Amino acid sequence: MSKNNPRTIHLKDYRVPPFLIERTALHFELGEKATLVKSRLSMRRNPASDERDIPLRLHGDSSLVLRRLVVDGRDLNADEYRIDDEGLEVTGSFTEPFELECVTLIKPQENTSLEGLYRSNGMFCTQCEAEGFRKITYYLDRPDVMSVFTTTIHASRVDYPVLLSNGNPVAEGEQNGRHWVTWEDPFPKPAYLFALVAGDLEKVEDRFVTRSGREIALRLFVEKQNLDKCDHAIESLKKSMRWDEEVYGREYDLDIFMIVAVDHFNMGAMENKGLNIFNSSCVLAKPETTTDSAFQRIEGIVAHEYFHNWSGNRVTCRDWFQLSLKEGFTVFRDSEFSADMGSRTVKRIEDVALLRTQQFAEDAGPMAHPVRPASFIEISNFYTLTVYEKGAEVVRMLHTLLGPEKFREGSDLYFARFDGQAVTTDDFVACMAEVSGLDLTQFKRWYSQAGTPRVDASDDYDASTGRYTLTLKQSCPATPEASEKAPFVIPVALGLLDEQGNELALDDSGATSQVLSFDQAQQSFVFENLPCRPVPSLLRGFSAPVILSYPYSRDQLTFLMAHDSDGFNRWDAGQQLAVQVIQQLVADYRADRDLEVDQRLITAYQQVLADRSLDPAMVAKMLALPSEAYLGQLAEEIDVDAIHHVRQFVRRALAEQLQGLFMDAYRHNRSNGKFELSAEAIARRALQNSALGYLMALERPQDLVLAQEQFETADNMTDTLAALSLLASCDDDDARETALESFYNQWQHDALVVNQWLSVQASADRPDVFDTVRGLMKHPAFDMGNPNKVRALIGVFCGQNAVHFHRTDGAGYRFLADQILTLDARNPQIASRLLGPLTRWKRYDAKRRALMQAELERIRDADKLSPDSYEVVTKTLA
Ligand code: B3K
Ligand code: ZN
């Protein structure tokens, strides 16, 4: 594919596969220089295809070296097939079933894209989703071709004692120092779920008895030094298996479930059938090295990949436009699982904060696309917040509209009807419509229309009749694929509060909460017999992924913060209050006016801090000011300096006025006993560290000492890292350097901890942070070939340190563009991801815009740009 002519793939061009592969037998000879891959495919024409004369085409990457091609036992001559950049075309009519054998030579040692078969720390491993299998051998590498796989792996026994693939081991042997194992996976699957691992690995083993009494062996394979970091993942896996049985009635199907941890991985983890492969950062954990949020993230990711066994593997996607069929649904499933394992409200707050800052930004930018995209150049670019997180919100709305019982009925029907098939988001919604009797035709616009809908709410109360009318108007901004949008079906959960904060009855049944189905451009909802003018609590639990505005006064927001029975909306009222205050101050700052923080915000925070009846985790969330990213997202034009300055100013004002309470919260929640990973202990640490953060804003020597003491005495990484992050931004050179140095000295042997050390420095609010980042690029701890390190240093600096990345001389942009160009040649997926901060260029002032545009153009004009980066950069500049 040349850069001037990258092919766009359209959903409307979908055709069923003209050929099927019933059985796939693979044979790998793993070698130090090269690997030989032999495949034997039992194929036939697809009776469901009307393309009866179409020639046989197999996908294959241009890096494949074809050694032999055999059809029904006969070696083909060179003139009987043709190889091009995208694969192999074989001459012949193929009217009868046939066997195609193929021998290819590949070089995993030279594969830096981390897609296909590659090496990580001396082991072999694979990543095939979405289209990596074509880097291993010629194949029909599309998700609607499902085949039964048998895989035999040959390798040196000394170097690769462990040989794994999908399914169950059925045979093994040894010859001249080389051994082999054959694996059989009885479940038909697309090639993207294929996996192979070979290495010198140790394992931790456990078992799980399914509800029907089958015993499943659970195995977690890691490098030897990580054996003490396996317990949490195994426990998380067992919880996930139980939860999926209880909540979805889904049982595991093979006899073995394996997870392998690898250090070089483009994303978090991969749900290969029976053999999940994980980025080591998303599976390995122990209290000394792992923060609470990482523990929770690991639990969620282990669950996510496990849940894919049904939502993704047993029922898979027809084509990659349907990606959200498995990803949106599975994210919804893992987020409900996490809500059940910990605090539902806190989990919801975290999910919504991510959605509102990152996904809303994506939906408002040049790469905006529907949950089911209609076209793409490179599918790897579409593993997005929209497909995952917004897709999960769409499933959540179905859950809200149907209610839990009907939703479960719909999911049972979906799994029963489509087991073993590759299907579409329409098929999923059809099951939900069938069991509920709802017409979901209009609802499906959530899958086909991009952009974040806005909802403007206004109301009216007639005191003489007690009638309250709520009027909602919806609109959706233009996005690249469409300028006009038809109305969405928006479930709006609401309650109404009287002046004392009591919930009012909304109808004769006495219900105090209701879900409105808002599906017109404008609609009014009437509530009768209300004794007073209510304060509405709208979009409870964030019942739809929209931007809702209602003209709340600051007093009303303070009132909701204290009284709303919906925990999410209590938090959100606090966020809205802080946003109003900060936005006003940003305007003041830009107009050179004096800054003064609205006392109501301070009083509201004071009440939250003083209320010992609240869950400390909620208090910590409520005390967190809206992030700079979220504030930027809300602004007309992002003024990074003003936002940063004002947010820091407000933090400091809160710290000054509430220092006694912050100190109390710190002391009260500071653990002094043995480390625990309970929800309660996690909540206390969250509040303790939030309080410490405020105290450090005061820049007093005694708080510095507090942070140093915590840093030196903590028995867990949450407390250590919280203190280190604060010290890394402080002005005391000695305190800062001593802490960073001692941390590195203590942890230099542990790559995952060292990555956190890189991130702490990349996100520090220091005048010299840019030089520090550039210096760290040359540090032995950094490695451009390891995506975790690239994300920890370059990704964090450019994506999370706004004021310093957006320096007005453009050096931050130049730096990022240089790194992208270097990476593009070796790992296009990572390069393309790193473009993220530059894709928002139109949101900044003219000077920064011009500087970012110039860097984007420099990338666009580079020689041999990958299709991945080409797609993002051209769409961004369009
Ligand atoms: N399905 C994988 C993501 C694959 C990304 C390929 N570029 C992990 C997950 O979503 O569970
Ligand atoms: Zn997934």
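Read the numbers this way: they start at 1 and go in the same order the structure lists the ligands and their atoms. All values derive from a computational prediction rather than experimental measurement.
The structure places SG of Cys128 at 6.0 Å from CZ of Phe133, a figure rounded to the nearest 0.5 Å.
Of the N or O atoms in Gln127, none lie within a sub-3.5 Å distance of an N or O in ligand 1. Of the N or O atoms in Glu129, one or more lie within a sub-3.5 Å distance of an N or O in ligand 1. For a threshold of 3.5 Å applied to N or O pairs, the pair formed by Ser380 and ligand 1 contains no separation below that value.
Contact atoms of ligand 1 toward His308: 9 (C), 10 (O), 11 (O) (distance under 4.0 Å to a heavy atom of the residue). Close approach of ligand 1 to Met270 (heavy-atom distance below 4.0 Å) involves ligand atoms 1 (N), 2 (C). Within ligand 1, counting atoms from 1 as listed, the ones closer than 4.0 Å to a heavy atom of Lys326 are 1 (N). The contact set between ligand 1 and Glu271, taken as ligand atoms under 4.0 Å from a residue heavy atom, comprises 1 (N), 2 (C), 8 (C), 9 (C), 11 (O).
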Apply the test salt bridge (Lys or Arg N to Asp or Glu O under 4.0 Å) to residues Arg344 and Glu350: give CA-CA distance (whole Å), side-chain angles for both, the deciding distance (0.1 Å), then the verdict. CA-CA 10 Å; Arg344 179 160 284 271; Glu350 286 166 353; over 6 Å; no
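Screening Leu413, Thr316, Val423, Leu325 for a side-chain contact (heavy atoms from CB on, under 4.5 Å) involving Phe418 leaves a single residue, Val423.
The ring-ring contact (aromatic ring centres under 6.0 Å, His included) check on Phe797 picks up Phe770, with sequence neighbours excluded. In this view, Glu235 and Lys238 satisfy the salt bridge (Lys or Arg N to Asp or Glu O under 4.0 Å) rule, not counting sequence neighbours.
Among heteroatoms of the N, O or S kind in His308, NE2 lies nearest the Zn ion (ligand 2). For His304, the N/O/S atom at the shortest distance from the Zn ion (ligand 2) is named NE2. Minimum-distance N/O/S atom of Glu327 relative to the Zn ion (ligand 2): OE1.
For the pair Arg314 and Phe415, the cation does not sit on the ring face, since its NZ or CZ is not both under 6.0 Å from the ring centre and inside 45° of the axis.
Scanning Gly132, Ala269, Cys128 for the heavy atom closest to atom 8 (C) of ligand 1 points to Ala269.
A donor-acceptor pair shorter than 3.5 Å cannot be found between the side chains of Gln127 and His264.
Under a 4.0 angstrom heavy-atom cut-off, Glu115 registers as lying outside contact with ligand 1.
The aromatic ring centroids of Phe332 and His399 lie less than 6.0 Å from each other.
Protein heavy atom nearest atom 3 (C) of ligand 1, with residue, atom name and distance: Tyr388 OH, 3.5 Å.
A heavy-atom distance below 4.5 Å is found between the side chains of Arg791 and Ile830.
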